[in-house]
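Every chain is numbered from 1, with letters handed out A, B, ... down the list of sequences. Because the structure is a prediction, the values reported are computed rather than measured.
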Number of protein chains: 2
Amino acid sequence: MAMGRPRSFDTDTALDEAMEVFWRHGYDGASLAMLTKAMGIKPPSLYAAFGSKEGLLKAALDRYAQRRSEHMRYVLAGASAREVAERFLSSIAESHTDPANPPGCLLVQGGLACGEGSENIPFELASRRALTETELRERFVQAKRDGDLADAADPAALARFLSTVASGMGVLASSGADRDALREVARVSLSAFPGQDETRTAAP
Amino acid sequence: MAMGRPRSFDTDTALDEAMEVFWRHGYDGASLAMLTKAMGIKPPSLYAAFGSKEGLLKAALDRYAQRRSEHMRYVLAGASAREVAERFLSSIAESHTDPANPPGCLLVQGGLACGEGSENIPFELASRRALTETELRERFVQAKRDGDLADAADPAALARFLSTVASGMGVLASSGADRDALREVARVSLSAFPGQDETRTAAP
DNA sequence: AGACTTATCTACCACTCGATACAAAAGTTG
DNA sequence: CAACTTTTGTATCGAGTGGTAGATAAGTCT
């Protein structure tokens with residue numbers, strides 16, 4: 001059987017470039033011209049490999065999730081619920097201001113509101129954001145069983161709170177806030193989290 | 001001197017309709033066809049009244065800010081820093097899930113990332129979001145002078161924290177979260193705020 | 001080598017985008 | 001009424017949108 005002409009570009013490398021464009025300009029704001037230029041390929045190659053603009057986004061999101069799952073593995077491996085929260089927020093302060101990427105979070109920047117042909121994009125992004133919240137909640141449920149989270153604590157509420165702060169930090173970062181600003185938000189947010197740290201103030 | 005033909009539509013009513021479209025679809029996602037249809041006018045009337053699509057957004061943002069300034073007046077009138085924070089977060093839980101408006105916050109939904117012709121839109125929105133943070137910070141500085149906020153507290157950090165949570169709540173609301181979910185986030189967030197409430201857990 | 005399969009490139013599709021030229025219409029003022 | 005000013009609707013502008021047809025190139029297989 002003949003095998004056909006091999007692909008002349010690396011799919012993952014191209015996806016990384018596409019991811020950056022979606023990240024910086026959002027789904028609607030990312031035109032095919034921008035995408036193909038960044039990826040170094042022509043439209044027919046893009047469509048042969050990813051099917052459509054939406055397919056390309058989903059592939060880029062899968063790759064993004066893959067990256068982030070490594071982060072989350074480290075976060076969830078924290079010894080206590082408190083440490084998980086600390087790791088979560090501080091790793092977000094770093095990643096959302098990593099100069100290697102556009103500022104903020106792809107899952108937020110990608111598009112909270114879209115135009116007429118792309119109504120399902122916000123849902124797609126929201127469902128992926130929800131994954132993080134679920135992982136945190138389940139980890140906190142476990143922490144409760146382990147006894148390192150108070151019986152009175154509400155894992156779902158804590159997970160939603162952290163996930164919400166993370167989204168807010170994404171918005172903040174995309175407005176140009178620097179790393180120290182995000183770290184400060186993380187520190188104050190942790191005062192809302194039950195655990196060993198008993199400083200209730202937001203002093204330095 | 002002749003006065004000319006009078007305008008056949010009400011500017012503010014039309015702006016309210018435009019605001020809703022920008023709110024639901026973002027700046028890039030809101031096409032002139034959608035806007036003119038919602039406003040009940042034709043493109044030439046739109047351009048005569050607002051100059052450009054960007055001019056229309058700014059006019060809608062001005063009107064949005066006008067609405068919100070009433071909210072903020074109530075928020076800032078809280079008797080203590082703590083009460084200001086409570087009013088701020090709970091009023092956001094309500095307004096971001098008000099069925100009379102699209103979910104979330106126009107200043108977030110409007111566009112965190114935009115396409116090639118609209119690079120300045122995110123800046124415009126970010127600068128308007130920053131206003132709220134400034135108002136809170138100044139109120140907390142005042143609270144410190146008044147003695148109802150601990151000397152060790154950092155007004156800037158607290159204001160940024162609250163503003164960040166508000167953005168996060170906007171993202172959460174736009175994903176379809178209901179009012180109770182936002183109220184819960186507000187409640188947990190308040191545990192990070194110095195004040196009379198000493199329950200550190202997130203229990204109901 | 002020659003058959004076969006797949007990728008790539010050029011050129012282009014129909015359509016929508018934001019924005020406008022022009023003339024008719026609707027008022028106010030003398 | 002007639003002169004003047006501004007708005008309105010129709011019809012359209014050039015540019016850019018996501019997406020594709022068809023020919024050619026580049027490989028693998030027998």
Acceptor/donor pairs from residues 105-120 of chain B side chains to any protein atom, 3.5 angstrom cut, sequence neighbours excluded:
unit_1   : atom_1 : unit_2   : atom_2 : d
B/Gln109 : OE1    : B/Ser174 : OG     : 3.3
B/Ser118 : OG     : B/Asp28  : OD1    : 2.8
B/Asn120 : ND2    : B/Glu54  : OE2    : 2.7

Send over the distance from [X] [atom1] to [N] [atom2], rounded to a whole Å.
X	N	atom1	atom2	value
A/Glu54	D/dG18	CD	P	13 Å
B/Ile121	C/dG18	CD1	C1'	13 Å
A/Lys37	D/dG16	NZ	P	13 Å
A/Met39	C/dA7	CE	P	14 Å

Return each pair, listed once, that meets ring-ring contact (aromatic ring centres under 6.0 Å, His included) where at least one residue sits in residues 104-144 of chain A; pairs must be two or more places apart or across chains. A/Phe140-A/Phe193
Tell me, which pairs form a ring-ring contact (aromatic ring centres under 6.0 Å, His included) where one or both residues lie in residues 59-110 of chain B, sequence neighbours left out? B/Trp23-B/Tyr64
Under the rule for salt bridge (charged side-chain N to carboxylate O under 4.0 Å, His left out), what residues qualify as partners of B/Arg129, not counting sequence neighbours? none
Note: for B/Ala48 and A/Ser52 on DNA chain D, the residue whose nearest nucleotide lies more 5' is B/Ala48
Quick one: does A/Arg5 reach the base of C/dT6 with a side-chain donor-acceptor pair under 3.5 Å? no
Expected string for nucleotides 9-17 of chain C under the B/S/- scheme (protein heavy atoms, under 4.0 Å, primed atoms plus P, OP1, OP2 as sugar-phosphate) is BB------S
Determine whether A/Asp62 and A/Gln66 satisfy the following criterion, side chain to side chain donor-acceptor pair (under 3.5 Å), listing intermediate values before the conclusion. CA-CA 6 Å; A/Asp62 286 343; A/Gln66 189 178 332; over 6 Å; no
Tell me, which pairs form a side chain to side chain donor-acceptor pair (under 3.5 Å) where one or both residues lie in residues 34-47 of chain A, sequence neighbours left out? none
Of the listed nucleotides (C/dT8, C/dA19, D/dG19), which one gets closest to any side-chain atom of A/Arg7? C/dT8
Which residues share a ring pair (Phe, Tyr, Trp, His ring centres under 6.0 Å) with B/Phe50, sequence neighbours left out: none
Those residues that, when tested against A/Phe161, pass ring pair (Phe, Tyr, Trp, His ring centres under 6.0 Å) (two or more places apart): none
Below 4.0 Å: OP1/OP2 of D/dT20 and any side-chain N or O of A/Tyr47: no
Short of 4.0 Å, heavy atom to strand atom, which residues of residues 9-23 of chain B count as contacting DNA chain D? B/Phe9
State whether A/Arg63 and A/Asp16 are salt-bridged, where the test is any N-O pair (Lys NZ or Arg NE/NH1/NH2 against Asp/Glu carboxylate O) under 4.0 Å. yes
